[in-house]
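What follows is a single structure, written as structure tokens, with notes after it.
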Amino acid sequence: MLGSLACVTPADAQDMAGQDTAVEDASQTIVVTGSRIQNPNLEQSSPVQVVGENEIGLRQATNAEELIGDLPGVSPGANSAVNNGGAGFASLNLRGVGTNRNLVLLDGTRLVPSSLLSETDLNIIPVALIERAEIVTGGASSVYGADAIAGVANFITKRDFSGAELASTVGITERGDGARYRFDLTVGANFDGGRGNAVLSVGYQQVEPVSQGDRAVSRETYFLDGNKIGSGTTTPTRINNRIYNPADGALRAYVGSRDAYNFAPDNYFQTPLERYNLFGAAQYEVTDGIEVYAKGMFTRSKVQLSLAPSGMFGDTWLLPLNNPFMPDAVRSEVCASNAISAADCAAAGAASGPTDPNYREVPTTINRRFIEMGPRIRNLTTNQFQVWAGARGSVTDTLKFDIYGLHGESDRKNSNLGWGLKSRVQQALRAVSETECADTSNGCVPINLFGDGTDISPESIAFFNQPAGATIGTSLSVVNGSLSGEVANFLAGETPIGFALGAEYRRYGASQVADVAFGTQDEVLGTGAPSPSFSGRYSVKEIFGELIVPVVEDIPGIYSLTAEAGIRLSDYSNTGTSTTWKAGGTWEPFRGYKIRGIYQHSVRSPNISELYTPVTTGLSNLPEDPCQGSNPVGNAALTAICIAQGAPAGRIGSISEPSAGQINLTSGGNPDLDVEVANSYTIGLVATPPQIPGLAITADYYHIKVSDAITLPTPDDIFGPCFDEGDAAACALIRRNPLNGSLNGGGDTPGLIAVLTNQGTIVTSGVDLRIAYGMSTGFGRLGFDMTGNWTEQSKFQASPTGLNRECAGQYSANCGFFAGEITPKLSFNMRATAQIDDFGDISLLWRWLDGVDYERILDADGIEPGYLHIPSYSYFDLTYRAKIADVFTLTLSVQNLLDKDPPLVSNYVGTTALNSGNTYPTTYDVLGRRYSLTASMRF
């Protein structure tokens with residue numbers, strides 16, 4: 001909403017433990033986020049969504065991501081539904097333009113980032129102390145800095161809290177899993193005759209996992225054609241794309257529909273979490289009009305991710321021909337594929353060890369799932385703290401100041417268990433007997449790859465299953481000083497001109513410190529990519545100013561006319577100087593009816609990850625490889641392309657499909673990156689008609705364009721030009737496994753080669769709508785609040801010659817700038833609340849998502865028709881809240897009231913991170929009907 005949001009407050013709002021309702025009183029003015037000018041009589045031009053304390057209570061949120069994650073206009077970021085690709089924190093993705101293009105604030109100040117991409121973890125927000133959350137959706141770069149291109153989410157804490165509040169929430173799904181617990185104790189007191197106040201909040205949250213094996217939609221894995229499929233890294237062992245047959249000790253043809261491994265059940269739909277948080281704040285009026293204040297917060301969280309068992313994922317291994325577990329038939333086939341004669345093969349098989357002249361190792365592609373080792377576990381433990389100190393007050397009756405400093409640090413330890421080390425598996429393959437390795441260092445125990453799939457001994461597993469990990473550390477220091485106030489009225493108007501001036505210094509630091517194993521390419525099996533150690537830092541000096549001028553007031557045709565402007569001059573240590581500015585205004589022709597608009601120009605400097613991340617080989621998404629199987633047979637042009645990309649001529653016709661829909665991707669940071677430029681504007685209407693007390697309507701059109709965007713090309717941006725158009729430059733960016741021609745394997749398979757550049761363009765536009773209404777009734781009050789979004793366009797172009805891809809209302813591995821998220825064309829949340837005297841509140845929340853289509857420009861041949869469209873979805877959450885006693889309130893909710901099942905669209909239509917379990921768990925509810933109960937006591 002705008003600077004003053006008109007909504008309806010029930011008469012007994014103060015009786016409900018200080019909670020407001022879904023709508024506020026039309027006569028009240030709310031000072032909202034988006035300006036440092038705090039005069040409530042001055043209207044600001046940027047639209048702001050407000051999630052009030054009442055809504056917070058009705059949602060019974062365990063963490064902040066649950067408060068704002070499903071608001072229209074907010075696209076999925078990383079959250080508890082992201083397992084393969086999760087990082088142990090929850091990020092905000094306003095407008096779908098990227099989690100690094102918005103800010104998360106606490107009381108208008110920045111929070112220390114939780115990632116190398118400068119993303120802030122929503123879960124460090126102390127929910128128990130949040131009075132409201134305000135989201136500026138029209139951009140706020142001139143006020144808070146250029147990285148607020150898409151806007152900011154500002155969480156406002158309660159001031160002057162006095163007393164004690166104890167709240168406890170428990171929840172569970174109807175299927176008996178996914179339990180959630182939250183306990184918060186908040187105590188506060190005024191002192192020295194009310195001149196000071198101190199508050200302390202302590203919280204604990206626990207979320208238990210839900211596995212994909214526990215839901216019908218995800219127990220099996222489905223390919224694009226509707227058939228069940230799995231991973232080619234399976235058991236028994238595959239050797240050069242032929243699978244071992246324990247019955248006869250030989251290799252036979254691998255048949256995916258029969259032999260593939262079902263990797264789904266071990267993955268999580270809801271990742272487990274345990275978190276402790278501590279928040280304290282105090283302020284004291286040292287003299288009339290001068291207040292000193294301090295705040296501090298600490299959060300410790302532990303998130304666990306789970307994947308199917310690790311294994312040998314098609315890398316090239318040096319297979320000793322004298323391996324004691326290798327049957328003669330397998331040895332003969334391996335020798336034949338390497339043009340080794342039968343006599344030499346027999347001699348090599350009988351070699352006593354590496355020093356024997358007949359000893360021989362041959363490069364071999366091996367796939368073997370280590371089911372004996374159990375699932376891969378990644379524990380992500382984060383410690384974050386931040387402290388603030390400052391002084392604020394009045395210089396004169398019309399001039400206020402605020403000076404503060406803050407410092408925060410975060411470290412996230414990534415510990416990997418059950419993955420295995422490649423060097424040790426290679427050592428275990430070099431065995432001179434079934435019980436002794438050629439190299440016995442570190443207690444080596446030979447590995448048996450040729451049993452029935454359960455023959456790797458616990459002793460061998462203990463040898464190569466060594467822990468590995470890395471720690472990501474970030475830091476932020478800020479010093480800020482500002483003056484705000486009023487100057488003489490303009491043209492003799494009643495409302496004075498408001499202004500704000502200030503300066504800010506920020507310093508960011510980030511590092512990744514890995515152990516030797518985790519920082520080495522290919523060493524930790526099944527990780528996708530290594531995480532080498534590196535660090536970086538930058539600083540920025542800024543001055544800023546804002547002005548809100550009431551131009552004309554209370555004349556015919558102009559009840560009020562206000563102009564607004566702001567500017568921020570920045571000097572970055574890494575990219576130099578830049579200017580961010582805004583200009584806009586509001587026109588109220590008649591009391592209660594306003595037109596508002598604002599234009600903003602932003603310049604974002606690259607973050608530490610974009611600049612300094614080392615180049616490594618990881619994973620990307622591709623369900624089908626044009627060179628796989630028989631595709632190139634008889635097609636000379638396609639065969640030539642496949643061979644030019646590194647495929648051996650002898651493997652044409654037998655190149656394997658991408659493993660689990662994933663291929664290698666070689667990428668990293670680019671120290672030569674420059675700034676990206678964003679221009680955005682909003683124009684809207686606000687109606688709070690005096691003729692209809694309690695009604696508020698806002699509608700705002702927004703348009704955001706990011707030029708010189710720091711982006712990577714999508715897989716289709718490379719594969720399309722190469723294989724459809726024969727573009728030699730695009731084909732050169734695809735490099736295949738030199739042994740088998742696939743796009744999988746270790747570091748010897750670069751796969752796609754993609755470099756971060758400033759060549760991208762991102763455009764999004766649409767309309768935000770909110771309608772709120774409240775009325776008194778014979779039994780109490782009724783309140784209605786509807787927030788909706790229409791996304792006109794959501795476009796991404798990786799380079800001037802690349803495809804300008806439209807993704808609004810569409811899904812694929814190319815769509816979704818963060819990680820493949822879905823942005824429906826239309827969505828809305830509608831809450832209806834009835835306050836019934838002497839009974840309590842009954843509230844129904846209706847969440848609706850428009851239908852979406854598989855990316856329409858892509859070839860849909862061979863895709864199961866049911867996977868090409870997801871129909872519109874409705875979810876209903878029912879809440880009952882009752883005041884049992886003066887100090888005791890109970891809230892009971894049923895979420896997903898109708899137990900709506902998620903859509904089944906296969907596991908391969910999108911990206912691994914967000915298209916998981918054959919659906920999109922960050923967009924659609926995969927947990928089913930669930931219940932939660934909150935009990936709170938306030939003294």
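Heads up: numbering here begins at 1 and tracks the sequence.
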* Asked: What orientation do Y811 and Y920 show, parallel under 30°, tilted 30 to 60°, or perpendicular over 60°?
  -> perpendicular
* Asked: In terms of side-chain heavy atoms, does N814 have a donor or acceptor partner in E855 at a distance below 3.5 Å?
  -> yes
* Asked: With a 4.5 Å limit on heavy-atom distance, are the side chains of L116 and I472 in contact?
  -> yes
* Do N740 and S742 have side-chain N/O donor and acceptor atoms under 3.5 Å apart? -> yes
* Answer yes or no: are there more than 12 heavy-atom neighbours, outside R360 itself, under 6.0 Å from its atom CZ? => no
* pair I655-D625: side-chain heavy atoms closer than 4.5 Å -> yes
* Enter the distance from N442:CG to Q466:CD here, rounded to the nearest 0.5 Å. => 8.0 Å
* **R219/D214 ion pair, N-O < 4.0 Å** => no
* Is there a donor-acceptor pair under 3.5 Å between the side chain of S460 and the backbone N or O of I456? -> no
* Asked: Does the side chain of Y268 pick up a donor-acceptor pair with the side chain of Q304 at under 3.5 Å?
  -> yes
* To do: Show your working on side-chain contact (heavy atoms from CB on, under 4.5 Å) between Y222 and Y867 and close with a plain yes or no.
  => CA-CA 10 Å; Y222 293 92; Y867 299 164; 3.6 Å; yes
* **Check: N267/Q212 side-chain N/O donor and acceptor closer than 3.5 Å** => no
* Say whether, by atom type as modelled, one donor and one acceptor occur between the side chain of D344 and the main chain of I340 under 3.5 angstrom. => no
* Regarding T911 and N621, is there a side-chain donor-to-acceptor distance under 3.5 Å anywhere? -> no
* Rounded distance [0.5 Å steps], CG in L318 versus OG1 in T364 -> 8.0 Å
* Can you measure from OG (S656) to OH (Y254) and round to the nearest 0.5 angstrom? => 9.0 Å
* Asked: Looking only at heavy atoms, what is the nearest atom pair of P715 and S620, with distance?
  -> CG-OG, 3.5 Å
* **Heavy-atom closest pair, residues W419 and I377** => NE1-O, 3.0 Å
* To do: For residues F463 and Q427, determine if any side-chain heavy atom of one lies less than 4.5 Å from a side-chain heavy atom of the other.
  => yes
* Asked: So, S630 side chain and V633 main chain: donor-acceptor pair closer than 3.5 Å or not?
  -> no
* Is there a donor-acceptor pair under 3.5 Å between the side chain of T235 and the backbone N or O of R369? -> no
* **I239 side chain reached by I366 side chain, heavy atoms, under 4.5 Å** => yes
* Least distance between heavy atoms, S423 atom then E523 atom -> OG-OE2, 2.6 Å
* Test item: I734 and F719 side chains (from C-beta on) under 4.5 Å apart, heavy atoms -> yes
* Asked: Can you check whether G85's main-chain N or O pairs, donor with acceptor, with N83's side chain at less than 3.5 Å?
  -> no
* Asked: Strictly by modelled atom types, are S654 and R651 linked by a side-chain donor-acceptor pair under 3.5 Å?
  -> yes
* Asked: Do Q512 and T471 meet the criterion of a side-chain donor-acceptor pair at a distance under 3.5 Å?
  -> no
* Asked: Is T365 close to N367 at the side-chain level, that is, under 4.5 Å between some pair of heavy atoms?
  -> yes
* Asked: Are E361 and Y359 close enough that a side-chain donor and a side-chain acceptor fall under 3.5 Å?
  -> yes
* Any donor-acceptor pair under 3.5 Å linking the side chain of N245 with the backbone of A250? -> no
* Indicate yes or no for a side-chain donor-acceptor contact from N744 to the backbone of S659 under 3.5 Å, with no hydrogens or angles considered. => yes
* Asked: Any sub-3.5 Å donor-acceptor pair from T527's side-chain atoms to V524's backbone N or O?
  -> yes
* Inter-residue atom distance I857.CD1 - C807.SG, 0.5 Å rounding -> 8.0 Å
* Distance only, no hydrogens: is a donor on one side chain within 3.5 Å (strictly under) of an acceptor on the other, for T666 and N664? -> no
* Is there a donor-acceptor contact under 3.5 Å linking the side chains of Q521 and T616? -> no
* Would you mind checking if K422 and D315 are paired as a salt bridge, meaning a charged N to carboxylate O distance below 4.0 Å? => yes
* To do: Evaluate the criterion salt bridge (charged side-chain N to carboxylate O under 4.0 Å, His left out) for residue pair R805 and D717; output intermediate values, then yes/no.
  => CA-CA 10 Å; R805 184 165 262 109; D717 285 334; 3.1 Å; yes
* Is there any disulfide (SG to SG under 2.5 Å) pair reaching into residues 615-670, and which pairs are they, with sequence neighbours excluded? -> C627-C642
* Asked: Does a side-chain heavy-atom distance below 4.5 Å link Q426 with W317?
  -> yes
* State, yes or no, whether a side-chain contact exists between E220 and N262 at a heavy-atom distance under 4.5 Å. => yes
* Give a yes or no answer on whether the side chain of S916 reaches the backbone of T912 with a donor-acceptor pair at less than 3.5 Å. => no
* **Carboxylate-amine/guanidinium contact D259 R252, below 4.0 Å** => yes
